[in-house]
Amino acid sequence: AASELALSRRQSVYLVGGIVRDLILRTPNFDIDLVVEGDAQPFANALAEQLAGRLRFHERFKTGVIILPDGLRIDVASSRNEYYESPGALPSVTVGSIKRDLYRRDFSINAMAVSLNTFELLDFFGGVQDIRDRKVRVLHNLSFIEDPTRMFRAVRFEQRYEFDIGDQTLKLLRRARDLDLLQHISSQRIYDELRHMLNEEYPSRHIARLFELDLLRSLHSSMGFDRKTLELVSSMEDLLVVSDFLRMEDLRRDVLYLAILLRSLKPEQIIDIPLLQELSRRDRQLIALGFSRSAELLQCIHSEGKLWRKLRLVSQYENDIILLAMVRSNSQQRSWHFLRDYLRSYANTLPILRGDELIKMGVPEGPAVADALCMLQAYIVRRGNNRPDRDEEELFV
Ligand code: CTP
């Protein structure tokens with residue numbers, strides 16, 4: 001549709017950025033970025049109408065987002081040239097303007113475009129070759145100085161695709177890092193990049209590389225390389241990625257990893273970290289207190305004998321704390337298995353009776369109701385697992 005529209009409106013339109021890179025790499029990517037030469041708004045309007053999408057357009061930045069009925073997003077931007085070129089502008093001028101737009105981008109692999117008018121691939125800076133060579137390279141020497149968040153992005157693309165940051169690019173990155181430029185960048189922009197990394201599928205690789213390049217000091221000055229931290233991050237990654245039993249929709253991966261990364265700091269030090277001001281109060285509290293609360297949970301379950309009592313205890317903790325507790329213990333330990341079983345089945349088992357029904361049946365209002373519900377839950381799960389009856393009786397003693 002975008003291509004037909006580009007042709008009928010006689011406007012040059014390009015698919016740009018990450019999606020072009022991922023098309024070449026044959027990696028799925030559902031973020032469609034279009035650059036329109038000239039004024040993007042009328043084009044975006046027409047495209048939104050044709051696709052029955054909703055358009056939000058920012059007049060000031062000349063960019064818009066179309067949200068399609070199925071949730072897919074299309075970003076539409078005006079190429080950063082004069083928007084009001086004469087309609088009869090020469091083709092070379094047109095090409096020049098997309099080239100300038102691409103030259104402003106971070107890495108050669110992200111600075112390619114596909115013309116939706118001719119379906120030609122525009123690769124002015126060797127992006128295809130760098131994909132072949134598996135290299136992340138900046139387009140010019142000032143790239144990290146112009147935008148220091150690109151230091152994080154270099155690591156992100158390097159680790160995500162198992163590429164290498166090119167030698168010259170690495171030199172420039174180290175030089176920019178030593179200039180302490182991040183202190184002039186808004187916390188929101190830095191946190192956005194960090195969040196992207198921590199939400200990648202395998203953040204342990206990204207974090208290891210950030211340690212190696214000493215980039216985590218932007219989070220807190222004490223954040224030097226630490227093997228134990230990396231081990232804990234890997235355990236969390238195993239839980240979230242390798243194990244298929246976790247289907248927790250509202251899990252904030254970035255927050256969980258930060259709770260691990262910052263576990264040695266005092267809560268008051270964590271609450272003051274500028275970068276974390278972007279997070280909600282709840283998330284900051286989880287980062288500040290999550291690790292110690294998980295220790296407390298482990299202690300409690302160690303000292304409880306009965307299954308239903310353990311269930312009752314664990315049900316008072318959020319899933320995030322339970323995951324942190326699993327990361328602290330290890331898979332050889334009984335507590336680890338108990339917590340895994342809890343997340344896998346107990347937490348999802350609906351009791352056959354509700355609290356109000358138990359009260360009607362005579363269970364006194366108050367903690368006894370929750371106790372009884374946990375007993376029932378333990379009973380149902382055990383029965384579902386076909387355990388011997390002997391066990392079931394023991395639950396209620
Ligand atoms: N870009 C840039 N410099 C930045 C951020 C973005 O040059 N600091 C450019 C890159 O060309 C990038 C595009 O804007 O490809 C879109 O940015 P973003 O969505 O952050 O990156 P993607 O490449 O789409 O990455 P992802 O696959 O993680 O969405």
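Counting starts at 1 for both ligands and their atoms, following the listed order. Model, not experiment: these values are computed from the prediction. Index from 1, following the sequence.
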Would you say Arg160 touches ligand 1, if touching means a heavy atom closer than 4.0 Å? yes

Does Arg252 come within less than 4.0 Å of Asp254, counting only side-chain N to carboxylate O? yes

Of all protein heavy atoms, the one nearest atom 8 (N) of ligand 1 is Asp147 OD2, 2.7 Å

Residue Glu4 excluded, over 12 heavy atoms near CD under 6.0 Å: no

Does a side chain donor of either Ser108 or Arg137 reach within less than 3.5 Å of an acceptor in the other side chain? no

Atom 12 (C) of ligand 1 has as its nearest protein heavy atom Arg153 NH2, 3.5 Å

Atom CG of residue position Asp178 - does it have more than 12 heavy atoms of other residues, nucleotides or ligands inside 6.0 Å? yes

Any N/O of Asp22 closer than 3.5 Å to an N/O of ligand 1? no

May I ask you to check if ligand 1 and Arg21 share an N or O to N or O distance below 3.5 Å? yes

Could you check whether the rings of Phe157 and Phe107 sit parallel, tilted or perpendicular, using 30° and 60° as the cut-offs? perpendicular

For atom 7 (O) of ligand 1, which protein heavy atom lies nearest, and how many Å away is it? Asp106 N, 2.6 Å

I need the atoms of ligand 1 closer than 4.0 Å to a non-hydrogen atom of Arg150, numbered in the order shown. 2 (C), 3 (N), 7 (O), 8 (N)

Quiz question for you: does at least one protein heavy atom lie closer than 4.0 Å to atom 3 (N) of ligand 1? yes

Looking at ligand 1, does any of its N/O atoms fall within less than 3.5 Å of an N/O of Asn110? yes

Glu365 atom CD, neighbour heavy-atom count above 12 within 6.0 Å: no

Going by an N to O cut-off under 4.0 Å, is there a salt bridge joining Asp101 and Arg105? yes

Atom 29 (O) of ligand 1: which of Asp31, Leu102, Asp75, Asp33 has the nearest heavy atom? Asp31

Check: His196 N/O within less than 3.5 Å of ligand 1 N/O: no

Suppose we measure from atom 24 (O) of ligand 1 to each protein heavy atom; which comes out shortest, and what is that distance? Gly18 CA, 3.8 Å

With only distance considered, is Gly17 within less than 3.5 Å of ligand 1 through an N or O on each side? no

Could you tell me whether ligand 1 has any atom less than 4.0 Å away from a heavy atom of Phe157? yes

Is it true that the NZ or CZ of Lys135 lies under 6.0 Å from the centre of Phe163's six-membered ring and within 45 degrees of the ring axis? no

Tell me: protein heavy atom nearest atom 14 (O) of ligand 1, and distance? Arg105 NH1, 3.5 Å

Using a 4.0 Å heavy-atom threshold (strictly under), name the region of Ile19 that reaches ligand 1: side chain, backbone, both or neither. neither

Side-chain ion pair, Arg205 and Glu200, N-O less than 4.0 Å: no

Atom CD of Glu49 with >12 non-hydrogen neighbours under 6.0 angstrom: no

